[in-house]
Visitor: 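One structure coming up, written as structure tokens, with questions to follow.
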2 protein chains.
Amino acid sequence: MALNEIMRPALAASHFRAACSNCDLRELCLPIDLTDDEMQRLEMLSHHKSNFPAGGYLYRSGDHFKSLYAIRSGSFKTRILHDDGREQVTGFLMAGEIIGLDAISTDTHTCEAVAMEASEVCELPFAKLEALSREIPSLQRHLYKIMSHEIVRDQGIMLLLGSMRAEERLAAFLLNLSQRNAVHGMPPTRFTLRMSRLEIGSYLGMKLETVSRTLSHFQEEGLIRVKARAIEILALSRLREVMEKP
Amino acid sequence: MALNEIMRPALAASHFRAACSNCDLRELCLPIDLTDDEMQRLEMLSHHKSNFPAGGYLYRSGDHFKSLYAIRSGSFKTRILHDDGREQVTGFLMAGEIIGLDAISTDTHTCEAVAMEASEVCELPFAKLEALSREIPSLQRHLYKIMSHEIVRDQGIMLLLGSMRAEERLAAFLLNLSQRNAVHGMPPTRFTLRMSRLEIGSYLGMKLETVSRTLSHFQEEGLIRVKARAIEILALSRLREVMEKP
DNA sequence: CGGCTATTTTGACATATATCAAGCCAATCC
DNA sequence: GGATTGGCTTGATATATGTCAAAATAGCCG
């Protein structure tokens with residue numbers, strides 16, 4: 001497995017051009033291959049779109065599971081809350097990605113999803129999706145793939161949390177974000193972080209001070225430029241090396 | 001989310017009584033509700049069973065994905081291998097559990113599965129499973145649930161790796177193993193570890209010495225008795241407290 | 001049973017990261 | 001414009017865990 005695909009493989013993001021009611025679902029998280037007719041039937045079930053302000057909840061822990069959501073614009077974080085109060089950010093989701101996969105097994109959401117900025121989602125009622133997928137084999141296969149994809153991604157993060165050092169984690173994170181911000185397959189060298197140091201730390205299993213220090217360190221080394229939430233990647237290949245250093 | 005369900009929720013294990021060709025698939029990882037007729041059709045596609053000696057590979061990284069496997073007896077570990085040589089154990093799978101879910105998104109296995117003892121599996125050809133699930137809605141739903149379940153489990157491990165200390169991780173691990181060794185819903189107080197300290201360490205993101213030390217420490221505290229791979233849980237509730245200590 | 005190897009335990013020490021504590025900067029509000 | 005707020009950076013120190021090394025134990029094979 002390639003290290004630069006750890007956080008979320010390249011396919012997942014960015015090509016999805018949502019227009020809801022007429023959502024272009026052709027690139028729903030992963031490329032999907034449907035006939036025009038099938039496409040139309042898929043689009044019919046994704047009528048409902050909603051807007052969320054920064055900080056708004058898409059769903060909360062314990063909510064009844066009804067739908068998956070395709071993020072049309074903006075970004076979300078998902079987090080788990082413990083009985084004992086601990087919390088952990090389990091994912092950052094951006095435009096073009098599917099959110100809500102955790103809940104299928106329980107009919108109840110196990111984590112909560114919060115908008116990190118003003119965002120728009122397309123609702124995909126799961127029961128309908130399921131029914132339709134029974135009639136359209138390639139849609140069914142697609143759903144399986146999306147879920148399996150999520151499993152692979154999570155296992156990548158397990159790897160990262162279990163056996164990489166702070167520097168490597170952060171390098172992997174930055175490279176991944178850059179990929180997911182890609183516009184036409186082109187990862188930008190400049191982009192802005194949508195999340196705080198605290199949230200990054202929670203996601204990567206380190207304290208916010210360590211995140212900050214490590215970013216500063218990368219800057220001293222000439223790998224990146226960082227000013228608050230604006231990031232510029234100066235030495236992509238050297239950043240990759242940092243990530244892969246055993 | 002309850003901490004004692006972190007590693008693998010209780011439902012996943014133990015009730016599955018496999019008999020292959022006539023595999024009892026009624027408890028396939030999660031409880032499943034099918035008519036006799038549907039059950040028969042499901043069983044028809046799971047003819048093939050195979051045996052593996054300790055150390056045998058069920059599949060390797062890069063193998064073409066064809067089937068899921070229901071573990072009939074024994075146990076497996078799954079591990080990811082890096083380009084740079086690092087490896088991480090991503091799961092321990094026991095009798096009654098489904099293995100192979102990682103590979104659906106890529107048609108290629110992203111990790112490898114190795115038997116930790118002499119083991120027997122039931123092969124479930126995925127294409128057939130998929131086709132059949134198109135005709136049996138509750139089977140389809142079941143497959144989605146199994147996969148979602150795996151996602152939830154992985155996220156629990158992310159939580160564990162990202163925000164728990166060595167003691168807490170190991171306590172969670174022991175409690176989880178005990179649950180999954182449950183015979184009729186009854187978790188045993190005595191059981192034997194099927195994996196080495198090194199493997200446990202890899203899975204939990206700590207070094208084998210730390211695993212050993214922490215076990216010894218639990219023993220000094222009177223929480224468990226440990227002799228090589230034989231474990232006895234002496235103070236279940238106090239062990240739970242260790243796990244939940246923030 | 002005895003010897004052999006791999007695994008496990010234990011110890012002393014090193015180090016990455018957490019913790020605690022200021023200070024800084026940028027946005028927001030009167 | 002000055003004050004207030006929340007996030008970010010930086011420093012000094014503490015601590016959990018990693019590292020290296022040796023001894024003890026368990027499992028295995030002849």
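Chain letters run A, B, ... following the sequence lines, proteins first, then strands; residues in each count from 1.
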Visitor: Which nucleotide in the list C:dT17, D:dA26, C:dT9 gets nearest to the side chain of A:A166?
Guide: C:dT17
Visitor: Students often get this wrong, so: under 4.0 angstrom with heavy atoms, is B:S212 touching a base, only sugar-phosphate, or nothing?
Guide: base
Visitor: Rounded to the nearest Å, what distance is computed from the CD atom of residue B:E167 to the P atom of nucleotide D:dG18?
Guide: 13 Å
Visitor: Rounding to a whole Å, what distance do you find between A:M206:CE and C:dA18:P?
Guide: 7 Å
Visitor: Rounded to whole Å, please give me the gap between CZ in A:R169 and C1' in C:dA16.
Guide: 11 Å
Visitor: Does C:dT8 have OP1 or OP2 sitting under 4.0 Å from an N or O in the side chain of B:R229?
Guide: yes
Visitor: Can you measure A:K207 atom NZ to C:dT17 atom P for me and round it to whole angstrom units?
Guide: 13 Å
Visitor: Work out which heavy atom in B:R79 is nearest to a heavy atom in B:Y57; give both atom names and the distance.
Guide: NH2-OH, 3.0 Å
Visitor: Which of the following nucleotides, C:dT9, C:dA26, D:dG18, is nearest to the side chain of B:V226?
Guide: C:dT9
Visitor: Give one of base, sugar-phosphate or nothing for A:R213, where a contact means two heavy atoms less than 4.0 Å apart.
Guide: base
Visitor: CZ of A:R165 versus C1' of D:dT17: gap in Å, rounded?
Guide: 14 Å
Visitor: Are there more than 12 heavy atoms of other residues, nucleotides or ligands under 6.0 Å from atom CZ of B:R225?
Guide: no
Visitor: Less than 4.0 Å between a side-chain N and a carboxylate O, is that true for B:R180 and B:E97?
Guide: yes
Visitor: For the pair made of CG in B:L170 and P in D:dG18, what is the distance, rounded to whole Å?
Guide: 12 Å
Visitor: Whether the side chain of B:R197 and the base of C:dT10 hold a donor-acceptor pair under 3.5 Å is what I'd like checked.
Guide: no
Visitor: What does A:G205 touch in the nucleic acid at a heavy-atom separation under 4.0 angstrom: a base, only the sugar-phosphate, or nothing?
Guide: sugar-phosphate
Visitor: Grab the CE-P distance between B:M195 and C:dT7 for me, whole Å please.
Guide: 15 Å
Visitor: What do the steps show when you test A:E123 against A:K66 for salt bridge (Lys or Arg N to Asp or Glu O under 4.0 Å), and what is the final call?
Guide: CA-CA 9 Å; A:E123 184 173 355; A:K66 236 180 43 252; 3.8 Å; yes
Visitor: Using a heavy-atom cut-off of 4.0 Å across all strands, would you classify B:L215 as base, sugar-phosphate, or nothing?
Guide: nothing
Visitor: Would you say B:S196 reaches C:dA6's phosphate, i.e. side-chain N/O to OP1/OP2 under 4.0 Å?
Guide: no
Visitor: Would you state whether a donor and an acceptor, one from the side chain of A:E209 and one from the base of D:dC8, lie under 3.5 Å apart?
Guide: no
Visitor: If you measure from the Lys or Arg side-chain nitrogens to the Asp or Glu carboxylate oxygens, is any gap between B:E232 and B:R190 under 4.0 Å?
Guide: yes
Visitor: Calculate the interatomic distance between A:L208 atom CG and D:dT10 atom P; express it in whole Å.
Guide: 13 Å
Visitor: If you assign each of A:A228 and A:T210 to its closest nucleotide in DNA chain C, which residue comes earlier from the 5' end?
Guide: A:T210
